[in-house]
Q: 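The structure's right below; bear with me while I get my questions together.
Reckoned from all heavy atoms, side chains included, excluding hydrogens, waters and symmetry mates. A, B, ... follow the sequence lines: proteins, then strands. Residue 1 opens every chain. Please read all numbers here as calculations on a predicted model, not as lab measurements.
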Protein chains: 2
Amino acid sequence: MSDNNNNHLVLEKFLPYRLSYLTNIISRSLARLYSEKFDINPHEWRIMANLYRYPNISAAETGEKIAMDKVAVSRAIKSLCDKGLLHKIFSKEDRRRSVLNLTKEGADMYQQIEPLVTCYEDSLLQSLNSQELSQLDHLLSKLTSHVTED
Amino acid sequence: MSDNNNNHLVLEKFLPYRLSYLTNIISRSLARLYSEKFDINPHEWRIMANLYRYPNISAAETGEKIAMDKVAVSRAIKSLCDKGLLHKIFSKEDRRRSVLNLTKEGADMYQQIEPLVTCYEDSLLQSLNSQELSQLDHLLSKLTSHVTED
DNA sequence: TGAAATAAGTTTCATTTGTAACTATAATAA
DNA sequence: TTATTATAGTTACAAATGAAACTTATTTCA
């Protein structure tokens, strides 16, 4: 029997590779659901989803909530404003802080996108039974808290 | 009680977002293990890992094995060749096909990197018990085959 | 006070990445 | 044979991303 690969890393079994492969396919599939039709990118979609839930927050708060770099947030916000999907003002109390809200058009668009996206998630979740779903939830939480520990 | 978020997408519970968040942290941590010290990027590292295991394969076969775009493969191969880590010739039988191999320097470097990387994977895996490990393996396989179905 | 430090957001520049077009070779088929 | 199509790999150009510098506003504290 061949001992060639003994003790050596096999990419297809390597957790970071497997996670990255799965995540990339899912992210691309998800983006395809809205990118062509609505002309927004994943950063923009995440910001819209977050603002739909938490109106009136600043760019910095947005970035913190969705783990996005402040430069990426700034660019996505600019793009969303240019498209008339987002309204930005600066706070009276602290004129550095932005106050962000979806416009009517932005909220309407978001409402059209949301079912497409949740439907895609449902198709993922429906490939698992209820036990597997709770295991997945548990494992993601456990791994995530492990890698984010100080 | 607030009904605000009923039926609405919550990013922190959304599977594609959770996967992407976890994967990004892991990918960055992994890259940090070798990028500064050995001056290679994740594409280059994956190609090295694959060639260490499967010598004498072509760029196209490499790309297929590690799910990497042919342009990305071409660029990473060029960079590895420039650094003297990879040796590329073209096949006698089919002069379009490349035949790739790590150089002595490339193989030596890979052997230094591999334990760093497997050690990081071990730290991830050791945060789970044996039951969770087999659940994780099962879930990743199941989700991956679900999303790669035609 | 007001000088220094901090914070929010933007801009700039270099690097990376993705898509499409291109070159060269090989396979197919009229 | 030779015209067409397909394949391997590279190049070129545009878009996306990341790091650092910058602007403006606020806070800290000597």
Side-chain angles (χ1 to χ4, degrees), chain A residues 20-21 23-25 27-32 34-36 39-47 50-51 54 56-83 86-101, chain B residues 20-21 23-25 27-32 34-36 39-47 50-51 54 56-83 86-101:
Chain A
S20 163
Y21 180 72
T23 299
N24 288 341
I25 293 175
S27 296
R28 268 198 294 272
S29 303
L30 194 68
R32 220 176 300 127
Y34 53 73
S35 58
E36 349 69 44
D39 189 33
I40 60 170
N41 66 34
H43 281 336
E44 291 164 4
W45 174 74
R46 283 190 184 181
I47 287 177
N50 196 249
L51 282 178
Y54 300 113
N56 287 308
I57 70 174
S58 69
E61 289 167 320
T62 299
E64 193 175 358
K65 281 218 172 284
I66 63 183
M68 193 182 297
D69 179 78
K70 70 174 180 174
V71 176
V73 172
S74 173
R75 290 199 261 240
I77 285 173
K78 181 173 190 315
S79 172
L80 289 169
C81 286
D82 290 349
K83 295 173 194 159
L86 184 69
H87 177 70
K88 177 178 73 175
I89 57 172
F90 286 91
S91 164
K92 280 277 161 55
E93 292 84 46
D94 180 346
R95 282 159 48 223
R96 296 170 304 182
R97 271 186 79 260
S98 57
V99 179
L100 306 173
N101 276 292
Chain B
S20 162
Y21 180 72
T23 299
N24 287 340
I25 292 176
S27 297
R28 269 198 294 272
S29 303
L30 195 67
R32 221 175 300 127
Y34 53 73
S35 58
E36 352 67 43
D39 189 33
I40 61 170
N41 66 34
H43 281 337
E44 292 165 3
W45 174 73
R46 283 189 185 182
I47 287 178
N50 197 250
L51 282 177
Y54 300 114
N56 288 306
I57 69 174
S58 70
E61 290 167 319
T62 300
E64 194 175 356
K65 281 217 172 283
I66 64 182
M68 194 183 294
D69 178 79
K70 69 173 180 174
V71 177
V73 172
S74 173
R75 290 199 262 240
I77 285 173
K78 181 174 191 315
S79 171
L80 289 169
C81 286
D82 289 349
K83 294 173 194 159
L86 185 69
H87 177 70
K88 177 179 74 176
I89 56 173
F90 286 91
S91 163
K92 281 274 160 55
E93 292 83 47
D94 181 345
R95 282 161 46 225
R96 296 170 304 182
R97 270 186 79 259
S98 57
V99 178
L100 306 173
N101 277 292

Q: Could you tell me if the side chain of B:Ile57 sits less than 4.5 Å from the side chain of B:Leu51, heavy atoms only?
A: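 The answer is yes; the side chains approach within 4.5 Å.
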
Q: Among C:dT17, C:dG9, C:dT19, which nucleotide sits nearest the side chain of A:Ala59?
A: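 That would be C:dG9.
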
Q: Would the base of C:dA7 count as contacting A:Arg96 through its side chain, where contact means a donor and an acceptor less than 3.5 Å apart?
A: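 Such a pair is found, so the answer is yes.
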
Q: Looking only at side chains, do B:Lys78 and B:Ser74 share a donor and an acceptor under 3.5 Å apart?
A: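 No, no side-chain donor-acceptor pair sits under 3.5 Å.
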
Q: In whole Å, what is the span from the NZ atom of B:Lys70 to the P atom of C:dG18?
A: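 Interatomic distance, NZ of B:Lys70 to P of C:dG18: 15 Å.
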
Q: Is a side-chain donor or acceptor of A:Lys83 paired with a backbone partner of A:Asp39 at a separation under 3.5 angstrom?
A: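 Checked: pair present.
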
Q: Whole angstroms only, please: what is the CG-P distance between B:Asp94 and D:dA6?
A: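 The answer, rounded to whole Å, is 17 Å.
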
Q: Expressed as a whole number of angstroms, how long is the span from B:Met68:CE to C:dT16:P?
A: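 These atoms are roughly 14 Å apart.
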
Q: Quick one: is D:dA8 close enough that its OP1 or OP2 comes under 4.0 Å of any side-chain N or O from B:Ser98?
A: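 Answer is no, no contact under 4.0 Å.
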
Q: Given atom CD1 of A:Ile40 and atom P of D:dA15, what is their separation to the nearest angstrom?
A: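 Rounded to whole Å, this separation is 18 Å.
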
Q: C:dT6 P sits how many Å from A:Arg97 CZ, rounded?
A: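 So the CZ-P distance, A:Arg97 to C:dT6, works out to 21 Å.
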
Q: Of A:Arg95 and A:His43, whose closest DNA chain D nucleotide lies nearer the 5' terminus?
A: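 Residue closer to the 5' terminus by nearest nucleotide: A:His43.
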
Q: Taking atom C1' of C:dG9 as reference, at what distance in whole Å does atom CD1 of A:Ile77 sit?
A: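 Between C1' of C:dG9 and CD1 of A:Ile77: 9 Å.
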
Q: Check every strand shown and say whether A:Val73 touches a base, only sugar-phosphate, or nothing at a heavy-atom separation below 4.0 Å.
A: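 Result for A:Val73 = nothing.
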
Q: Can you name the one residue among B:Arg96, B:Arg97, B:Lys92 that meets side-chain hydrogen bond (donor to acceptor under 3.5 Å, both in side chains) with B:Asp94?
A: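 That would be B:Arg96.
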
Q: Figure out the CD1/C1' separation between B:Ile57 and D:dG9, and round it to whole Å.
A: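 In whole Å, D:dG9 C1' and B:Ile57 CD1 are 15 Å from each other.
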
Q: Report yes if at least one side-chain N or O of B:Ser74 is closer than 4.0 Å to OP1 or OP2 of D:dG9; otherwise report no.
A: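 Checking D:dG9 against B:Ser74, no side-chain N or O comes under 4.0 Å of OP1 or OP2.
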
Q: Does A:Lys88 make a side-chain N or O approach to OP1 or OP2 of C:dT10 shorter than 4.0 Å?
A: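 The answer is yes; a side-chain N or O of A:Lys88 sits under 4.0 Å from OP1 or OP2.
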
Q: Take the protein atom CZ of B:Phe90 and the nucleotide atom C1' of D:dA8, then report the distance between them rounded to whole Å.
A: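 Spelled out: CZ on B:Phe90 to C1' on D:dA8 is 8 Å.
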
Q: Relative to the 5' end of DNA chain C, which residue comes earlier, B:Glu93 or A:Val99, by the nucleotide with the nearest heavy atom?
A: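 Nearest nucleotide further toward 5': that of A:Val99.
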
Q: Is there a donor N/O on one and an acceptor N/O on the other, under 3.5 Å, for the side chain of B:Arg75 and the base of D:dG9?
A: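 Answer no: no donor N or O sits under 3.5 Å from an acceptor.
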
